[in-house]
Amino acid sequence: MIALVDCNNFYVSCERVFNPKIENKPVIVLSNNDGCVIARSNEVKALGIKMGEPAFKLKHIIEKKNINIFSSNFTLYGDLSKRVMNVMSAEVNKIEIYSIDEAFLDFTDSASKERGVSIKNKVQQWTGIPVSVGIAPTKVLAKVAGHIAKKYTKSGVFIFDDTDLIRRALSVFAVEDLWGIGKNTAQKLKAVGIHTALQFRQCDSAWLKTNLSVNAVRLQKELFSEVCYPLELKRKRKQNICTTHSFGTEIKQLSKLKEAIGSHANNCATKLRQEKSCCNSISVFLSTNPFKPQAKQYNPYKVIQLDVPTNDSMEIVKATIKALESIYRDDCVYKKAGVMVSRIVPQEQMQLSLFDSLDREKRKSINIAVDKINAIMGKNKVKLAVQGNGRKWKLRQEKLSPCYTTRFSDILEVVI
DNA sequence: TCTGGGGTCCTAGGACCC
DNA sequence: TCTGGGGTCCTAGGACCC
């Protein structure tokens, strides 16, 4: 048996932990640049505000309903996530951390509602974060159970412990709410009269295989309690690492794009080194503002293949700047830029080249030193000159909450 | 004025091999 | 009129997830 533990409205709950005034009040957390809604409290969901809605369209209702707005504070959310995961890890033998706010727990040794409730209460008491728990024989069913727990139970815990119960639940569970069924697939299914999870479970698997994909067949098996997605206990090495941002204000000049791309590239290199990986290929991409159809649209990208895999900041930044120069056009206004590194290999398994002229040992020492300094002094305290000192393309974060748990100057003071 | 930022997996089709 | 029958590898694009 598997338990899915899912934090309720996670980012909103994080903001509430240190700000009890917004308990039971409508709260929204916005994406980077204060662009879209990415987390909503129940009060906000009740108002009919959708996930992903652009903030500027909500100005009116925000004022009218007195909604509390926050810029995203990923430092805070990441730290609280770590705490939640730590509490749960101590409760089970095996755990798969699936995302910032979700984990699958191995309940094979004992699966009961009481165990779910006990974990839920402990997480709530020790971290301040409310969670829901769904317990079932497979991940897909645990997701369904979690859904039910969150929506229809008082305890916030739901367990699928008999097949008839599963059958009855699936008969009223919308097919588009299944894990792995997105908008497009749901549309296809509905076109042939499949509306509920039970109907999906009953349909011909050969039809699923040809018309959808093998994943649809796996999903179907999981609904029959047959495990196709086992717990993944070992953290996998990332296959791609991507850093990108929209600009607060649009950019035209090459020099500013260089700062942005250079920073993204350095960021990717740092992440590569944290993963102990090297990349064999680097891509750079730019895009204009798709929401301004009257403006000239241009979304170029350039991929550079390397002879020797690398995670050296200087080498990666240099390559991206060259790529940027090759795709830049001065008759466009850019809204977004990014860097992606791929074809990743473990750093201890890199294939060397006979004709390599770079002193890799020396570079390695430099990178280690820079990483060390930045770990102590703060991100990007030491950086490459091309990144500039500008904050010109910086994020807009007008409603940022303090980093209560990770910055000494932000620690709460208690007045007695 | 204003619309996020990460990831993964699968498939079809092209290029190539014998 | 008619032009084989196997394979592999790579990539772009689609679909999905949080």
Side-chain angles (χ1 to χ4, degrees), chain A residues 4-11 28-40 49-60 62 69-74 77-78 81 96-104 139-140 143 146 175-189 208-219 228-229 232 235-250 260 264 267-268 271 275 280-281 283 285 287-293 295 299 301 303 305 333 335-344 395-399:
Chain A
L4 169 72
V5 182
D6 192 328
C7 301
N8 300 343
N9 319 325
F10 182 55
Y11 299 162
I28 282 177
V29 175
L30 299 176
S31 64
N32 277 339
N33 273 321
D34 294 346
C36 304
V37 174
I38 55 167
R40 305 158 297 161
I49 294 176
K50 299 252 158 49
M51 190 75 167
E53 196 118 345
F56 71 90
K57 286 188 182 169
L58 298 171
K59 221 169 180 178
H60 187 68
I62 286 169
I69 302 289
F70 292 90
S71 304
S72 36
N73 182 347
F74 288 110
Y77 312 151
S81 169
E96 174 189 340
I97 296 171
Y98 178 69
S99 73
I100 193 164
D101 71 334
E102 272 174 71
F104 291 105
K139 281 185 179 174
V140 169
K143 277 277 198 179
V175 73
E176 67 262 32
D177 290 339
L178 284 173
W179 191 40
I181 302 290
K183 226 171 78 187
N184 287 35
T185 311
Q187 218 171 15
K188 271 192 205 168
L189 290 169
L208 287 180
K209 175 83 183 7
T210 40
N211 291 282
L212 302 177
S213 76
V214 289
N215 278 330
V217 181
R218 289 184 188 133
L219 178 63
C228 293
Y229 303 111
E232 286 175 23
R235 214 176 75 81
K236 284 191 183 152
R237 188 182 299 273
K238 283 202 174 75
Q239 297 175 23
N240 294 291
I241 292 171
C242 180
T243 308
T244 170
H245 270 317
S246 300
F247 305 125
T249 45
E250 292 168 354
H264 292 326
N267 226 322
C268 283
K271 288 184 193 170
E275 293 255 320
N280 276 293
S281 105
S283 330
F285 54 91
S287 55
T288 48
N289 191 343
F291 297 103
K292 279 189 185 164
N299 306 295
Y301 74 96
V303 186
Q305 308 293 355
V333 184
K335 179 64 182 168
K336 194 173 175 177
V339 172
M340 181 158 92
V341 293
S342 33
R343 289 175 55 213
I344 287 174
L395 284 179
R396 192 169 60 219
Q397 287 182 310
E398 285 169 7
K399 310 274 189 182

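Throughout, a chain's letter reflects where its sequence line sits, starting with A, and its residues are numbered from 1.
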Rounding to an integer number of Å, can you tell me how far [X] [atom1] sits from [N] [atom2]?
X: A:F247; N: B:dG4; atom1: CZ; atom2: P; answer: 13 Å
X: A:D34; N: B:dG5; atom1: CG; atom2: P; answer: 11 Å
X: A:E275; N: B:dG6; atom1: CD; atom2: P; answer: 14 Å
X: A:L219; N: B:dC10; atom1: CG; atom2: P; answer: 13 Å
X: A:L30; N: B:dT3; atom1: CG; atom2: P; answer: 12 Å
X: A:N240; N: C:dC16; atom1: CG; atom2: P; answer: 20 Å
X: A:I28; N: B:dT3; atom1: CD1; atom2: P; answer: 16 Å
X: A:W179; N: C:dC17; atom1: CH2; atom2: P; answer: 9 Å

Selected nucleotide, minimal atom distance to [X] side chain, candidates [options]:
X: A:T244; options: B:dT11, B:dG5, B:dC2; answer: B:dG5
X: A:H245; options: B:dG5, C:dC18, C:dA12; answer: B:dG5
X: A:N215; options: B:dT3, B:dC10, C:dC17; answer: B:dC10
X: A:I241; options: B:dC10, B:dT3, B:dG7; answer: B:dG7
X: A:Y98; options: B:dT3, B:dG7, C:dC17; answer: C:dC17
X: A:V214; options: B:dT11, C:dC18, B:dG5; answer: B:dT11
X: A:Q239; options: B:dC10, B:dG5, B:dT8; answer: B:dT8
X: A:P54; options: B:dG5, B:dT3, B:dG6; answer: B:dT3
X: A:T185; options: B:dG4, B:dG7, C:dC16; answer: C:dC16
X: A:K238; options: B:dG4, C:dC18, B:dG7; answer: B:dG7

Open item on the list: With heavy-atom distances below 4.5 Å as the criterion, would you say the side chains of A:Y98 and A:L4 are in contact?
Closed with: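 When only atoms from C-beta onward are counted, A:L4 and A:Y98 do not touch, as no gap falls below 4.5 Å.
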Open item on the list: Less than 4.5 Å apart, side chain to side chain, heavy atoms only: is that true for A:Y11 and A:S72?
Closed with: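 No, side chains not in contact.
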Task: Identity of whatever pairs with C:dT11 - Watson-Crick or G-U, under 3.5 angstrom - done: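 Matched C:dT11 with B:dA12 under the 3.5 Å cut-off.
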Open item on the list: Only pairs with both distances under 3.5 Å count, Watson-Crick or wobble alike; so what is the partner of C:dC18 in this structure?
Closed with: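 Base partner found: B:dG5.
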Task: Donor-acceptor contact present, side-chain A:E53 to main-chain A:V37, <3.5 Å - done: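 Side chain of A:E53 to backbone of A:V37, a donor-acceptor pair under 3.5 Å: no, none is there.
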Task: Backbone of A:C36 reached by a side-chain donor or acceptor of A:S31 within 3.5 Å - done: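 Yes, A:S31 side chain to A:C36 backbone: donor-acceptor pair under 3.5 Å.
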Using a cut-off of strictly less than 4.0 Å, decide whether [X] has a side-chain nitrogen or oxygen near OP1 or OP2 of [N].
X: A:R396; N: B:dG4; value: no
X: A:N184; N: C:dA15; value: yes
X: A:K188; N: C:dG14; value: no
X: A:K335; N: B:dT3; value: yes

Indicate, with a heavy-atom threshold strictly under 4.0 Å, whether [X] touches base, sugar-phosphate, or nothing.
X: A:T243; value: sugar-phosphate
X: A:L178; value: sugar-phosphate
X: A:K209; value: nothing
X: A:E53; value: nothing
X: A:R343; value: nothing

Task: Rounded distance in Å between the P positions of B:dT3 and C:dC18 - done: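 Taking atom P in both B:dT3 and C:dC18, they lie 25 Å apart.
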- [ ] Taking atom CD of A:Q187 as the centre, report whether more than 12 heavy atoms of other residues, nucleotides or ligands fall under 6.0 Å from it.
- [x]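 For A:Q187, atom CD is not crowded (no more than 12 foreign heavy atoms under 6.0 Å).
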Task: Exercise: identify the closest heavy-atom pair between A:K143 and A:E102 - done: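 So the two residues come closest at NZ-OE1, 2.6 Å.
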